[in-house]
K.L.:
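I have a structure I would like to understand better, so I am pasting it below and will then ask my questions one at a time.
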Amino acid sequence: MTLEQKIGQFFFPAVFINDTEENIQETERLIRDYNIGGLTFFHSRASAATNYENKKQVILNDDSCQRLKELIIRYQKCASTPLLMSIDAEWGLAMRVEKTPQYPYAITLGALPYSEKHLVYKVGKQIGLDLKSVGIHYNLAPLADINNNPNNPVIGYRSFGQNKKKVARFALEYLRGLSDAGVLGCLKHFPGHGNTNVDSHLGLPILEENLEQLLENELYPFIKGIDNNVDSIMIGHLAVPALNEGKNTSATLSKPIIETLLRKQLGYDGLVISDALNMRSVSSLYDKKGQLEWEAFNAGNDVLCFAENVPEGIQEILKNASPERIEESFNRLWKCKQKAGILDAKATLTTISEGEFDFETTSDLNLKIAENCITKIKDNHNAVTVFDAKNRGDLAKLSLYKNTDNTFFKALDTLLPSAEFSYENGGDAAIKELEKSLTRYDTVIISLFVPKAKPLNNFEIEDSVLQFLGNLFGSKKCLLYVFGNPYALQVIPNLESTLGIVQMYQDFTEFQEAAAIQLLENAECKGTLPVIISTI
């Protein structure tokens with residue numbers, strides 16, 4: 001390859017599974033004309049995080065997976081150098097593609113006891129097998145971020161939790177699973193995005209810690225990853241003035257953070273990839289096309305993810321970078337391509353499977369995780385009280401944000417038949433009607449299906465519902481099962497008045513089944529909260 005062709009390898013523009021033929025042909029042109037190194041797949045332009053916050057409508061497509069396979073074959077066929085296909089699939093292909101296997105969020109895995117860490121390995125391996133079957137060999141996951149800020153708008157449920165040793169251990173298990181499936185992994189977002197209160201898709205978070213504090217906490221999982229030869233590390237769009245001569249410059253554009261800290265001080269010589277360069281924390285910094293790509297490369301990134309100015313970026317790097325630096329980055333990327341086994345162009349296509357996913361294996365794995373992550377927050381002999389109420393006829397079940405035809409209620413009905421009520425929407429009028437209906441019942445089993453995983457607007461739990469819950473806890477014997485982000489507990493009032501609280505983390509059918517069995521059998525809850533909840 002010429003030097004210019006080698007520079008092309010550093011560019012991983014975004015591609016969208018559900019895109020127009022015109023856009024697809026433009027990507028093919030980039031592949032043919034500029035020898036780009038890889039692609040990063042997203043569902044659609046509306047689903048990309050920087051657009052998603054604008055609430056653009058995401059149009060679902062049940063054929064997305066087949067379309068993804070076809071696009072990968074099409075793009076590989078027009079590449080003179082095999083492309084490294086990447087995707088951000090933290091909890092599986094389902095994060096980006098309809099009707100594909102979905103695994104639990106990292107925060108759910110973080111609730112598992114250390115003795116069950118093999119389940120995290122299995123999640124990594126199954127995700128890897130799923131990715132490989134569609135032709136993807138690079139997963140931009142998992143997070144090594146320690147979520148020590150409960151108001152973090154973007155990390156939260158995507159982190160294994162607040163304990164640095166558990167985050168490090170579980171991230172390594174996930175990576176080991178990916179690797180054993182033949183898929184590359186990536187620790188992100190260096191030097192640590194957990195203690196921030198700004199979404200870097202939309203603005204620039206600033207970390208106030210100094211190096212000593214970061215070494216003690218945020219950097220710990222990355223150091224463990226480096227010790228274990230992690231395939232790649234993604235640099236986050238966050239500023240750390242203490243590491244950057246007091247400047248509020250994004251880490252992705254900071255030589256002191258990448259070259260000095262990561263490369264020299266921590267001794268990492270693996271592949272460094274930028275976070276998406278379309279994110280608003282960096283995308284509008286430079287008027288000149290290609291300048292951002294050059295600045296990111298100059299700071300120490302080897303791969304430029306979601307690069308939007310490929311031709312201009314290549315020319316800026318060619319004009320400004322030394323041949324030695326270009327060779328260093330090229331060699332790092334080439335090693336990853338060798339490890340992924342894609343340098344034989346035929347091999348990149350034969351890995352794509354014609355068959356279906358193993359949803360049964362996924363379901364079995366999710367059930368095991370559910371059984372081992374159930375976390376009892378509060379207990380006051382729940383089972384005894386509930387069964388007494390059933391015998392007296394004053395037991396009711398209440399489902400919030402899901403109708404009564406849910407797996408949890410169905411599984412309970414065999415031994416705990418009772419009146420069932422639900423609230424999905426309807427505001428104050430529906431809440432008042434619900435209050436009237438519950439008047440005659442003394443004991444209520446409540447299943448709260450938290451509407452959103454992100455904390456914005458109280459996880460989309462309406463104020464009227466929160467007030468209703470607070471009043472209900474104070475007036476009746478309430479047993480609360482939370483299917484969703486545990487941080488939602490922080491916005492629910494009067495929890496101290498509940499009879500009991502059980503945290504379930506996900507609303508998958510397997511988690512609902514496990515919750516019902518736990519209640520009916522008064523079984524041990526093996527999970528522990530992976531984060532500190534201030535109201536408990």
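The model shown is predicted, which means the values in this text are computed figures rather than measured ones.
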K.L.:
Checking E218 against H193: is there a side-chain donor and acceptor pair closer than 3.5 Å?
P.N.:
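H193 vs E218: no donor-acceptor pair found between side chains.
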
K.L.:
If you measure from the Lys or Arg side-chain nitrogens to the Asp or Glu carboxylate oxygens, is any gap between E173 and R176 under 4.0 Å?
P.N.:
yes

K.L.:
Could you check whether R96 pairs with D88 (Lys NZ or Arg NE/NH1/NH2 to Asp/Glu carboxylate O, under 4.0 Å)?
P.N.:
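Yes, charged N to carboxylate O under 4.0 Å.
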
K.L.:
Going by an N to O cut-off under 4.0 Å, is there a salt bridge joining D145 and R158?
P.N.:
no

K.L.:
Answer yes or no: is there an ion pair linking K378 with E496, defined by an N-O contact shorter than 4.0 Å?
P.N.:
no

K.L.:
Minimum heavy-atom separation for C478 to L472, with atom names?
P.N.:
SG-O, 3.5 Å

K.L.:
What heavy-atom pair brings Y487 and I532 nearest, and what distance separates the two atoms?
P.N.:
CE2-O, 4.1 Å

K.L.:
Would you call K397 and D413 a salt bridge, taking side-chain N to carboxylate O under 4.0 Å as the test?
P.N.:
yes

K.L.:
Is the F42 to F306 ring centre distance short of 6.0 Å?
P.N.:
yes

K.L.:
Answer yes or no: is there an ion pair linking R392 with D442, defined by an N-O contact shorter than 4.0 Å?
P.N.:
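Here R392 pairs with D442 in a salt bridge, since their nearest N and O are under 4.0 Å apart.
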
K.L.:
Answer yes or no: does atom CG of D180 have more than 12 heavy-atom neighbours from other residues, nucleotides or ligands under 6.0 Å?
P.N.:
yes

K.L.:
Nearest heavy-atom pair of D130 and L93: which atoms, and what distance?
P.N.:
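That closest heavy-atom pairing would be O-CD1, 3.9 Å.
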
K.L.:
Should we count CG of N425 as having more than 12 external heavy atoms under 6.0 Å?
P.N.:
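Open: at most 12 neighbouring heavy atoms sit under 6.0 Å from CG of N425.
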
K.L.:
Indicate whether the side chain of N278 and that of S283 have a donor and an acceptor atom separated by less than 3.5 Å.
P.N.:
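No - no donor-acceptor pair under 3.5 Å links their side chains.
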
